[in-house]
Amino acid sequence: MIKKRNLLCAKLEEKLDLGELLLYKPYKNILIKLRNLVVNIHAEDFDPVAKVYNGLLSVPKEIREYYESLLGITSYYHHSQGGRGKYIEKKIASSYESCSLDIELKNLPFWFEYPVIHKKKGIFTQKGLTAGEKRLLKTSKWDWLGDRSVNTDVGNILLSEHTLILCELKNRVDTGGTAGRREIWTSEKFGIYVDYLISNVKIFRKGSEKFSFIELLKYFGFQNLEIYLGVLFDITDNPSSIKADKINGFYSSSKKGFDYLTSIISSSNNLKVIDEDDESLYIKFKTTYSEFQIKIGALYGNNVISTLFRRESSVSGLLLLKYDDIWFSLLLSIDERANLLKFKKNYSITVLELLERDAILRQKYYDLIVSECKETILNDIVTYILDNYNDNFDKEILLSEKNKISYLADILQFLCATEF
């Protein structure tokens, strides 16, 4: 009867890998707030205008508390944005040692010299850096002399190939709109790199020595530069393709931007085209003042990963972590808050009150937490509670389709996931 839920927040933080840590704290914050909504009847209240607007005064009496709970729980969740921004970029960067994110042209020297710190800053922001790491960040020996910098989502350093790869990511073929897709290729993004390649103007300085974009890359041992637009998924959440982009995305806008960029490259005396595929949105060229080679193009689906990291992998398998925290906790919290509003009590409150009164139960609950809700220990604590306190859990506040044993097990797992 008991079902072990796959809750990331029930795991011990110190055992998690970097990819899991990206979700752990945002999930934990959401679950702690849900716990407060479950045990504190005053945690969410609707003013008179909100009650009228949301229909709380006209909803049928028999479902009033459930409807109010549904509004309160879902309203909080939809206003909770923490952790969603840049998740895909962070997940990709965390999966490969040499990859980093938030690649800004003017900060390339710092990335090349301190790749670990740069990556750590990108994933955890400056708050995640030590005092010594912050000092290195703020006292860089490199000066920026350029007039326009540009930021790219992720980048990878392939030392064995002497290659730098930069990639601007789109989650789906329909992400960003027509203008956003076209601007990636023009003066908003990729066009800035091309302008510096054409002009070869000095944009970096270290001490008395100045460097152009290419000179900087050569100084750090690079011989090749690759810049890509990477589109990860189609509208059905399968790996994307050019075909999907043409049917449901913004391929035509990409094509216009790509044609604009290639016309600038082709007309420059400082650049020489080596290969070009207008349909696949790909061009390879070199500078006439050096042997440095550059590729600019579009990548779709699994090709984003295989090109960025030179290894075969599925974008679906790489990016999607299947944990139960959000859907499970939201549904459970709606039921528990509805009972709180209707009966002024629920199973969560009852468990927490018993923990205050029973030392044996507290030890079992602690064992459950440190075991990461191991199923045998979960069975043991549920059995102990029902053997000793069965009458404390009224059937009146248990929905007809719910089983007391399995529901109590769910409550315990939810509470464990909200603990630090």
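This one's a predicted model, so the numbers in the text were calculated from it and none came from an experiment. Worth knowing before you read on, the calculation uses all heavy atoms, side chains too, and leaves out hydrogens, waters and symmetry mates.
Among residues two or more places apart in sequence or in another chain, the side chain to side chain donor-acceptor pair (under 3.5 Å) test is passed with Asn390 by Lys404. For Ser160, the side-chain contact (heavy atoms from CB on, under 4.5 Å) test picks out no residue, with sequence neighbours left out. Arg135 is linked by a side-chain contact (heavy atoms from CB on, under 4.5 Å) to Thr139, counting only residues two or more places apart in sequence or in another chain. Shown here are the ring pair (Phe, Tyr, Trp, His ring centres under 6.0 Å) partners of Tyr347, two or more places apart in sequence or in another chain: Phe393, Tyr407. For Arg310, the side-chain contact (heavy atoms from CB on, under 4.5 Å) partners at least two apart in sequence or on another chain are Leu158, Glu161, Thr163, Ile165, Glu226, Thr307. Remark: Ser280 engages Asp277 in a side chain to side chain donor-acceptor pair (under 3.5 Å) (not counting sequence neighbours). Residues passing the side chain to side chain donor-acceptor pair (under 3.5 Å) test with Lys202 are Glu215, sequence neighbours excluded. For the salt bridge (Lys or Arg N to Asp or Glu O under 4.0 Å) test, residues two or more places apart in sequence or in another chain that qualify with Lys206 are Glu113.
For residues 352-365, the pairs satisfying side chain to side chain donor-acceptor pair (under 3.5 Å) are Asp358-Tyr384, Asp358-Tyr389, Gln363-Asp367, Lys364-Asp380, Tyr365-Glu419, with sequence neighbours left out. For residues 164-189, the set of pairs meeting the ring-ring contact (aromatic ring centres under 6.0 Å, His included) definition, not counting sequence neighbours, comprises Trp185-Phe190, Trp185-Phe258. Legend: ring-ring contact (aromatic ring centres under 6.0 Å, His included) pairs involving residues 142-175, not counting sequence neighbours, sorted by first then second residue: Trp142-Phe211, Trp142-Tyr219, Trp142-Phe220, Trp144-Phe204. Pairs of residues two or more places apart, or lying in two chains, never qualify as side chain to side chain donor-acceptor pair (under 3.5 Å) while including a residue from residues 63-74.
No side-chain donor-acceptor contact under 3.5 Å links Arg35 to the backbone of Phe414.
At least one test fails for Lys295 against the ring of Tyr282: distance under 6.0 Å to the centre or angle within 45° of the axis.
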